[in-house]
K.L.:
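Questions regarding the structure given below will be posed in turn.
Indexing begins at 1, ligand by ligand and atom by atom, following the structure's order.
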Amino acid sequence: MANLKITILHDVWEEGPPEPEPEPVKAPRGKSGKRSRKKKDPLHDREEIFEALTKLGHEPSYYVLDGKNQSLLALAKCGADLVFNLTESYAGDDTMDKNIASFLELLHLPYTGSGPQALYLAQDKSIAKKIFDFHKIKTPDFAVSYKGRTDHSHDIEFPLIVKPVSEDGSIGIDAGSLVDSVKELMERIHYIHEEFDSPALIEEYIEGREIYASIFGNENPEVLPLIELDLSKLPRGTPRIACQDVKFDHETEAYKVTKSAPAEDLDDDTTKKLQDTGLAAWRALGLRDYGRIDMRLNKKGEVYVIEANPNPWLSSVAEFTMAAKKAGYSYTDVIEKLVGLAQARSL
Ligand SMILES: Nc1ncnc2c1ncn2[C@@H]1O[C@H](COP(=O)(O)OP(=O)(O)O)[C@@H](O)[C@H]1O
Ligand SMILES: [Mg+2]
């Protein structure tokens, strides 16, 4: 692959940018100004990507979209051959990732990962679930409610989990998300409205194992070995869900006792069912290059799609990378393939 000028494009949710950059703005929360997002793992994937790109003989640089027009306009003139797109938000609004992808399209700048359509469909979990339903992909029955208005409702049964309809990183998901009574349900819906100014997605809770299917490539997308997030060792009385503590809070008991690892004890039929379901969800939403489909497997062997993640976290310890390693890709191989997939679109 020819030597390319590659810009690692990222936003400013996280602190401590790796290079001198424009003063980051304090990220406001979209419409309501409210937000309780925590910092991500301090191990930035962008630094590892930078290193891998250098190893591959490319010329990487960082570019931060700080939510100001100037950084957006300057991007048009950045002179990169390709953008490694790590953005998840714009000006603190994480529904805006699709707009960044659209902007890159308008600039004819090839970029890694999913396009605006898939980013939009996956971001709004209620839309994604309606599409899964159409394609007969099992997903928990659900209702969507916003300040007294019900957008849709199956005849759902407790226990239920209540989450913001379009957040990720387990924002708004904690022990209180799992509700067992009308009182708890109403309180939680109120909390989601107040805290996130977002419709509440109320889903049937699927007791079971948490399995991730990572998918890589486009023409013949490869379903990488399945990864399980083992939640069985969470302290007694804690719901078995991947809340923020589990994902990011290194100091917590919940973080320390939960581990992701290849799910090796699954029989062939179950493995195939999980892989096929993951791929069906990927195709239904039109994901591209790399993605991770989060699923639950219950005792009866039924597989439910919880959500689809375009452009998942790419750190060397992330589930996607773990799955790729299990399939024989080194970290550098993963980055090389992603660059190749993006570049192929511009040829
Ligand atoms: N319907 C559900 N049944 C069981 N667990 C769920 C359900 N929905 C969410 N969870 C738990 O909550 C976690 C986060 O939910 P998810 O919808 O994936 O949010 P995020 O987009 O923030 O990752 C999941 O990984 C899972 O552990
Ligand atoms: Mg998830």
K.L.:
Would you please test L338 and Y290 for side-chain contact (heavy atoms from CB on, under 4.5 Å) and show each step?
P.N.:
CA-CA 8 Å; L338 289 175; Y290 66 120; 3.5 Å; yes
K.L.:
Which protein heavy atom lies closest to atom 10 (N) of ligand 1, and at what distance to 0.1 Å?
P.N.:
I161 CD1, 3.6 Å
K.L.:
Quick one: do D151 and K130 make a salt bridge, cutoff under 4.0 Å?
P.N.:
yes
K.L.:
Specify which N/O/S atom of D294 comes nearest to the Mg ion (ligand 2), by atom name.
P.N.:
OD2
K.L.:
Within a distance under 4.0 Å of any heavy atom of E210, pick out the atoms of ligand 1 and give their elements.
P.N.:
24 (C), 25 (O), 26 (C), 27 (O)
K.L.:
How far is atom 3 (N) of ligand 1 from its nearest protein heavy atom, and which residue and atom name does that atom have?
P.N.:
I206 N, 2.9 Å
K.L.:
Does ligand 1 come near enough to R240 that some N or O of the ligand is less than 3.5 Å from an N or O of the residue?
P.N.:
no
K.L.:
Are R292 and F320 in a cation-pi setup, meaning NZ or CZ lies under 6.0 angstrom from the ring centre and within 45 degrees of the ring axis?
P.N.:
no
K.L.:
Within the 4.0 Å heavy-atom shell around D294, which atoms of ligand 1 are there?
P.N.:
18 (O)
K.L.:
Would you say that more than 12 heavy atoms from the other residues, nucleotides or ligands in this model lie under 6.0 Å from the OH of Y120, or not?
P.N.:
no
K.L.:
Starting from the Mg ion (ligand 2), look over the N/O/S atoms of E307 and name the nearest one.
P.N.:
OE2
K.L.:
Select one of side chain, backbone, both or neither to describe which atoms of P140 lie under 4.0 Å from any atom of ligand 1, heavy atoms only.
P.N.:
side chain
K.L.:
Less than 4.0 angstrom from a charged side-chain N to a carboxylate O is my criterion; do R188 and E184 meet it?
P.N.:
no
K.L.:
What protein heavy atom sits nearest atom 19 (O) of ligand 1, and how far off is it?
P.N.:
K125 NZ, 3.0 Å
K.L.:
Is there a donor-acceptor pair under 3.5 Å between the side chain of T150 and the backbone N or O of H152?
P.N.:
no
K.L.:
So, is K163 polar-close to ligand 1, with some N/O to N/O distance under 3.5 Å?
P.N.:
yes
K.L.:
Should we say atom CD of E51 is surrounded by more than 12 heavy atoms from elsewhere, each under 6.0 Å from it?
P.N.:
no
K.L.:
Report yes or no: does E207 have a heavy atom closer than 4.0 Å to ligand 1?
P.N.:
no
K.L.:
Just heavy atoms, cut-off under 4.0 Å: does I306 contact ligand 1 by side chain, backbone, both, or neither?
P.N.:
side chain
K.L.:
Any salt bridge linking E204 with R296? Criterion: basic side-chain nitrogen under 4.0 Å from a carboxylate oxygen.
P.N.:
no
K.L.:
Closer than 2.8 Å to the Mg ion (ligand 2), do we get an N, O or S atom from D168, backbone or side chain?
P.N.:
no
K.L.:
Looking only at heavy atoms, is any part of R292 under 4.0 Å from ligand 1, and if so is it the side chain, the backbone, or both, or is it neither?
P.N.:
neither
K.L.:
Measure from NZ or CZ of R209 to the centre of the six-membered ring of Y304, then state whether that distance is under 6.0 Å and the direction lies within 45° of the axis.
P.N.:
no
K.L.:
For ligand 1, which atoms have a heavy atom of I173 less than 4.0 angstrom away?
P.N.:
14 (C), 15 (O), 19 (O)
K.L.:
Take the angle between the ring planes of F216 and Y329 and call it parallel below 30°, perpendicular above 60°, tilted in between.
P.N.:
perpendicular
K.L.:
Side chain, backbone, both or neither: which part of E167 has a heavy atom under 4.0 Å from ligand 1?
P.N.:
backbone
K.L.:
Atoms of ligand 1 less than 4.0 Å from D168 heavy atoms?
P.N.:
20 (P), 21 (O), 22 (O)
K.L.:
In ligand 1, which numbered atoms sit nearer than 4.0 Å to a non-hydrogen atom of Y205?
P.N.:
3 (N), 4 (C), 5 (N)
K.L.:
In Å and rounded to the nearest 0.5 Å, what is the NZ to NZ distance from K138 to K129?
P.N.:
11.5 Å
K.L.:
Check ligand 1 against E203 and write out every atom of the ligand that is under 4.0 Å from a heavy-atom position of the residue.
P.N.:
1 (N), 2 (C), 7 (C), 8 (N)
K.L.:
Report yes or no: do S316 and E48 form a side-chain donor-acceptor pair below 3.5 Å?
P.N.:
yes
K.L.:
What protein heavy atom sits nearest atom 13 (C) of ligand 1, and how far off is it?
P.N.:
A242 O, 3.6 Å
K.L.:
For atom 22 (O) of ligand 1, grab the closest protein heavy atom and report residue, atom and distance to one decimal in Å.
P.N.:
S170 N, 2.5 Å
K.L.:
So which heavy atom in the protein is nearest atom 18 (O) of ligand 1, and how far is it from that ligand atom?
P.N.:
E307 OE2, 2.9 Å
K.L.:
Can you find a side-chain donor-acceptor pair between D11 and S89 that sits under 3.5 Å?
P.N.:
yes
